[in-house]
Amino acid sequence: MGFLDKFENGVERVVNNAFARAFRSEVKPIELADALRRELDDRAAVVGRDRTVVPNEFTIELSTPDYDQVEAWGAEALAEELAANVTEHASGQHYAFVGPVTVSFSENTEQDAGRFAVHSATVRGAVAPATSNAAPSPRHPLIDIDGQRYILTGPVTVIGRGSEADIIVDDPGVSRRHLEIRVTPDGVVASDMGSTNGVFVEGHQVPAATLLDGNTLTIGRTRILFWTGGDTDGDE
């Protein structure tokens, strides 16, 4: 259970009352989550049959007291929780993203305490969370990494343990930049990026391989499932 849920169930029980003290009279996390969900709904754009795209990058503008309190409590943890909440809402509404979902905070010294503004943008990236209606295609394949599903929205996706990777894998057997997946007109190619433990496709270690729908890749102890949706024309 994330602290947004805990907040709804009673802030007095969250982190030994630290959260309750921090947000007693100013902006509350659940208010931020509600505002982000409204932003998704208000800016949802129908771009094709059964495809509604929503923003994926959000900045929450806070007053100085609220910004300081968010920073003191842990802005990164709150941002991750809010991003997960946004992704869950998008999945429930059958929205689609074109890039990774991020939430950040900015300070506005002229903003009154307890008031805030949400700014959003639709920014294409290498990967996007796969929501409930996400359909893979040769242009935008879908991968599943230990239950987390992603649509490859850019031409090149790097998977590894380091912070510079597009998809970060928490596996000591995975190198910082371990695997590259490149979408080309001739197919989707997976390549070892000089990793320590190699890349395996269907159990065979390979320096590079053109992937087929349904292939299984292994890096370290991490299994990656790959789909293009079978024989499709790649149109969105």
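In this text the structure is predicted, and so the values were computed from the model without any measurement. These values consider heavy atoms only, across backbone and side chains, with no hydrogens, waters or symmetry-generated copies.
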Exercise. Could you state the interatomic distance from OG1 (Thr64) to CD (Glu110), rounded to the nearest 0.5 Å?
Worked result: 10.0 Å

For this session: Decide whether Val158 and Val169 are clustered together by the hydrophobic rule: side chain heavy atoms of Ile, Leu, Val, Met, Phe, Trp, Tyr closer than 4.5 Å, transitively.
Result: no

Problem set entry | Beyond-backbone contact of Val183 with Pro141, side-chain heavy atoms, under 4.5 angstrom | yes

Problem set entry | Donor-acceptor pair, side chain of Asn56 and main chain of Ala128, under 3.5 angstrom | no

Exercise. How about Glu202 and Asn215: does a side-chain donor come under 3.5 Å of a side-chain acceptor?
Worked result: yes

Seminar exercise, completed: Per side chain to side chain contact (heavy atoms under 4.5 Å, CB included), Arg37 is matched among Val86, Asp42, Asn85 by Asn85

For this session: Ignoring hydrogens and angles, tell me if any N or O in the side chain of Thr131 forms a donor-acceptor pair with the backbone of His94 under 3.5 Å.
Result: no

For this session: I would like to know whether Ser63 and Arg115 meet side chain to side chain donor-acceptor pair (under 3.5 Å); could you show each step before the answer?
Result: CA-CA 7 Å; Ser63 68; Arg115 300 182 66 85; over 6 Å; no

Exercise. Going through the distances and angles, do Leu36 and Val103 end up as a side chain to side chain contact (heavy atoms under 4.5 Å, CB included)?
Worked result: CA-CA 9 Å; Leu36 290 173; Val103 177; 4.3 Å; yes

Exercise. So, Ser191 versus Arg182: side-chain donor-acceptor pair below 3.5 Å or not?
Worked result: no

Exercise. Are Pro138 and Val188 close enough that some pair of their side-chain heavy atoms sits under 4.5 Å apart?
Worked result: no

Exercise. Which of these, Leu225, Ile159, Thr157, Leu211, sits in a side chain to side chain contact (heavy atoms under 4.5 Å, CB included) with Ile143?
Worked result: Ile159

Exercise. Around atom CD of Glu88, are there more than 12 heavy atoms of other residues, nucleotides or ligands at under 6.0 Å?
Worked result: no

Exercise. How far apart are the closest heavy atoms of Thr210 and Gly187, and which atoms are they?
Worked result: CG2-CA, 4.5 Å

Problem set entry | Thr59 side chain vs His119 backbone, donor-acceptor pair below 3.5 Å | no

Seminar exercise, completed: Nearest heavy-atom contact between Ala117 and Gln111 is N-NE2, 4.0 Å

Exercise. With hydrophobic residues grouped by side-chain heavy-atom distances under 4.5 Å, do Leu78 and Val118 end up in a single group?
Worked result: yes

Exercise. Same cluster or not: are Val101 and Val127 linked, directly or through other Ile, Leu, Val, Met, Phe, Trp or Tyr residues, by side-chain heavy atoms under 4.5 angstrom apart?
Worked result: no

Problem set entry | Side chain proximity check, Val201 to Thr218, heavy atoms < 4.5 angstrom | no

For this session: Without swapping roles, check the side chain of Gln93 against the backbone of Ala90 for a donor-acceptor pair under 3.5 Å.
Result: no

Problem set entry | Side-chain donor or acceptor of Ser132 paired with backbone N/O of Ser91 under 3.5 Å | yes

For this session: Output the distance between atom NE2 (His178) and atom OG1 (Thr222), rounded to the nearest 0.5 Å.
Result: 9.0 Å

For this session: Kindly compute the distance separating CD (Glu61) from OG (Ser104), expressed to the nearest 0.5 Å.
Result: 11.0 Å

Exercise. Any donor-acceptor pair under 3.5 Å linking the side chain of Asp66 with the backbone of Ala113?
Worked result: no

Problem set entry | Donor-acceptor contact present, side-chain Asp213 to main-chain Gly229, <3.5 Å | yes

Problem set entry | Sidechain-backbone polar pair: Thr184 side chain, Asp186 backbone, donor-acceptor under 3.5 Å | yes

Exercise. What distance do Glu39 atom CD and Asp34 atom CG have between them, rounded to the nearest 0.5 Å?
Worked result: 13.0 Å

Exercise. When rounded to the nearest 0.5 angstrom, what distance separates CD1 in Ile145 from OH in Tyr150?
Worked result: 5.5 Å

Problem set entry | Working for side chain to side chain contact (heavy atoms under 4.5 Å, CB included), residues Asp170 and Arg161 | CA-CA 6 Å; Asp170 184 14; Arg161 186 167 46 84; 5.7 Å; no

Exercise. Taking it one step at a time, do Leu32 and Phe116 satisfy side chain to side chain contact (heavy atoms under 4.5 Å, CB included)?
Worked result: CA-CA 8 Å; Leu32 301 179; Phe116 62 91; 3.8 Å; yes

For this session: Grab the two heavy atoms, one from Phe105 and one from Ala75, that are nearest each other, plus how far apart they are.
Result: CE1-O, 3.5 Å

Exercise. Hey, are Arg176 and Glu164 close enough for a salt bridge, meaning a charged N less than 4.0 Å from a carboxylate O?
Worked result: yes

Problem set entry | Transitive ILVMFWY side-chain link Ile219 to Ile167, under 4.5 Å | yes

Exercise. Does Ser120 reach the main-chain N or O of Phe58 with its side chain, forming a donor-acceptor pair under 3.5 Å?
Worked result: no

Seminar exercise, completed: To the nearest 0.5 Å, atom CD1 of Ile60 lies from atom OG of Ser106 at 9.0 Å

For this session: Decide whether Glu57 and Thr102 meet the rule of one side-chain donor and one side-chain acceptor closer than 3.5 Å.
Result: no

Exercise. How about Arg149 and Leu142: do any of their side-chain heavy atoms sit closer than 4.5 Å?
Worked result: yes

For this session: Give the cluster check for Val206 versus Leu212: same hydrophobic cluster or not, with ILVMFWY residues linked at side-chain heavy-atom distances below 4.5 Å.
Result: no

For this session: Report yes or no: does His140 contribute a side-chain atom to a donor-acceptor pair with the main-chain N or O of Leu152 at less than 3.5 Å?
Result: yes

Seminar exercise, completed: Between Gly203 and Phe200, the two heavy atoms sitting closest are O-CD2, 3.8 Å

For this session: Before giving the answer on side chain to side chain contact (heavy atoms under 4.5 Å, CB included), spell out for Thr122 and Val54 the whole-Å C-alpha distance, their side-chain angles and the decisive distance to 0.1 Å.
Result: CA-CA 7 Å; Thr122 301; Val54 289; over 6 Å; no

Exercise. Less than 4.5 Å apart, any side-chain heavy atom of Leu217 and any of Leu179?
Worked result: yes

Exercise. Tyr95 and Asp41: side-chain donor and acceptor closer than 3.5 Å?
Worked result: yes

